[in-house]
Amino acid sequence: MNIPRITIAIDGFSSCGKSTMAKELSRRIGYIYIDSGAMYRAVTLYCLDNGVITNGIIDREALAAAIDKIEITFAAHPITGKQETYLNGVCVEQEIRTMRVSSSVSIVSQVDIVRQALVSQQQALGKNKGIVMDGRDIGTAVFPDAELKIFVTASARVRAERRAAEMQDADIDEIERNIAMRDEMDMTREISPLRKADDAIELDNSHMSIEEQNEWLIQRYREAIARIEMM
Ligand code: DC
């Protein structure tokens, strides 16, 4: 019997290892992986580079005119095989992870037309199932019918330490402040605020190794498949 292909939504706070676990799961089970945060980051980079944001203020008219000109795609790096984000055909994987983008992404991701455009692109990417997507509103707004929903948390300090370990010359206090600010903005924004879907399984991975969380997730995947096969 063929194993059913499902939709897997992984939501949670910023920098809590969602993409690490989502990527590994997708690799092991042969699913597409989409980092929805990278899409919000790419739109933010476009806004910063094209005068749509100045001094932290968004020009909504300019954004409305620009939104259809922003094309976001993903492709594997030819040597490492790692998935990278492209903005209008240019690889922006490094640039979208800088503090410059991190500091403005929360205000861009609050804008209704940005969310509408990206949610419909995300739904199109997942229309054939067999997808793992991570973000903030995947289980609540993008794929409310996902067969497996995970909500990941970890303390702000642990998250800042993990992010700092990936950077050179990192100021850990500044990173923690940025994380706390983004948590607050993600949870309090009007459209699709970050919240755990009622049917999501919660994981606090503050004290887990990457291997432990990968194992935990594959178990949840197996249980979801077993549930469906029994129906
Ligand atoms: O996962 P990340 O830190 O790369 O996400 C960057 C920002 O994008 C985050 O501050 C909130 C926003 N985001 C969102 O609003 N909805 C999503 N589905 C994913 C990310």
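For the numbers below, each heavy atom of this structure counts, side chains included, while hydrogens, waters and symmetry mates do not. Both ligands and their constituent atoms are indexed starting at 1 by order of listing.
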- Query: Which protein residues have a heavy atom closer than 4.0 Å to any atom of ligand 1, listed by chain and number?
  - Reply: Ser14, Ser36, Gly37, Tyr40, Arg41, Val105, Ser106, Ser109, Arg115, Gly135, Arg136, Asp137, Ile138, Arg182, Asp186, Arg189
- Task: Determine, for Arg28 against Glu215, whether the closest basic-nitrogen to carboxylate-oxygen distance falls under 4.0 angstrom.
- Result: yes
- Query: How about Asn205 and Arg162: does a side-chain donor come under 3.5 Å of a side-chain acceptor?
  - Reply: yes
- Query: Are the charged groups of Asp145 and Lys129 less than 4.0 angstrom apart, N to O?
  - Reply: no
- For the residue pair Ala197 and Gly139, what are the closest heavy atoms and their distance? CB-O, 4.0 Å
- Task: Sequence neighbours left out, what pairs pass salt bridge (Lys or Arg N to Asp or Glu O under 4.0 Å) with at least one residue falling in residues 68-92?
- Result: none
- Message: Quick test of your reading of the model: are Asp137 and Lys149 salt-bridged, counting only N-O distances below 4.0 Å?
- Response: no
